[in-house]
Amino acid sequence: MALRHADAEPAAPPVTTGKLVVYYGAERHEVAKDRFIIGRGKSTADLLIKDPNISRSHAAVERADGQYYIVDLGSTNGVEYQGERVGRKLIASGDVFQICQYELRFVFE
């Protein structure tokens, strides 16, 4: 007699809609434009991180086709997600990215 396995319930898709907010330490920043720059450049960054290890324009959050992506802008020290360096990655609610020793947590509200 063959055993039947119950159909696995599909995993819920990650939340990628709503207003995107990034938390950096105690700071809250709303991503309210199609290209949101993260870096140490006072005149170029939407989220300013004052650290010489951070590039002036280190990374960007880009909106494309109704979704948000984090994009490394050719920085020396890169962007990491779960310990892996990423060049471009879709952002889901609750994702935490690392830029040098700084954590950036993204949430859709």
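Owing to the predicted nature of the structure, the values given are computational and were not obtained by experimental measurement. If you read the sequence from its start, that first residue is 1, and numbering goes on from there.
With a 6.0 Å radius and a threshold of 12 heavy atoms from other residues, nucleotides or ligands, R28 has its CZ atom above the threshold. Few gaps surround CD on Q101; more than 12 heavy atoms of other groups in view lie less than 6.0 Å from it.
Using a 4.0 Å cut-off between a side-chain N of Lys or Arg and a carboxylate O of Asp or Glu, R85 and E80 do not qualify as a salt bridge. Ion pairing between D46 and K33 holds under the 4.0 Å rule for side-chain N and carboxylate O.
Taking each heavy atom of A45 and G39 in turn, the nearest pair found is CB-O, 3.5 Å. In plain terms, the two heavy atoms of F36 and H29 that are nearest each other are CZ-CB, 4.0 Å.
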How far apart are the C-alpha atoms of I38 and I49, what are their side-chain angles, what is the distance that settles it, and do they pass the side chain to side chain contact (heavy atoms under 4.5 Å, CB included) test?
CA-CA 7 Å; I38 301 164; I49 301 176; 3.9 Å; yes
Could you give me the CA-CA distance, side-chain angles and deciding distance for L90 and Q67, then say whether side chain to side chain contact (heavy atoms under 4.5 Å, CB included) is met?
CA-CA 7 Å; L90 178 66; Q67 296 184 314; 3.7 Å; yes
Would you sort out whether D51 and Y102 count as a side chain to side chain contact (heavy atoms under 4.5 Å, CB included), showing the intermediate values?
CA-CA 10 Å; D51 185 313; Y102 305 99; 2.6 Å; yes
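In the hydrophobic clustering of ILVMFWY residues, with side-chain heavy atoms under 4.5 Å counting as a link, V21 and I91 come out apart. Hydrophobic clustering (side-chain heavy atoms under 4.5 Å, transitive across Ile, Leu, Val, Met, Phe, Trp, Tyr) keeps V71 apart from L48. Residue Y81 is grouped with residue V22 when hydrophobic side chains (ILVMFWY) are merged at heavy-atom distances under 4.5 angstrom, including chains of intermediate members. Tracing side-chain contacts under 4.5 Å through hydrophobic residues (I, L, V, M, F, W, Y), one reaches I70 starting from Y24; they form part of the same cluster. The hydrophobic clustering, which links ILVMFWY residues whose side-chain heavy atoms are closer than 4.5 Å, places V61 and V107 apart.
If you take CG on D72 and OG on S57, they are separated by 11.5 Å, rounding to the nearest 0.5 Å. If you take CD on E103 and CD on Q98, they are separated by 5.0 Å, rounding to the nearest 0.5 Å. With values rounded to the nearest 0.5 angstrom, K42 atom NZ is found 11.0 Å from R56 atom CZ.
In this structure, F106 and F97 have perpendicular ring planes: the angle between them is above 60°, well past the 30° mark.
Between the side chains of R63 and Y68, at least one donor N or O lies within less than 3.5 Å of an accepting N or O.
With hydrogens and angles disregarded, a donor-acceptor distance shorter than 3.5 Å links the side chain of S93 to the backbone of F108. The closest donor-acceptor contact from the side chain of R40 to the backbone of I54 lies under 3.5 Å. Under the 3.5 Å distance criterion, the side-chain polar atoms of H58 are matched with a main-chain donor or acceptor of G78.
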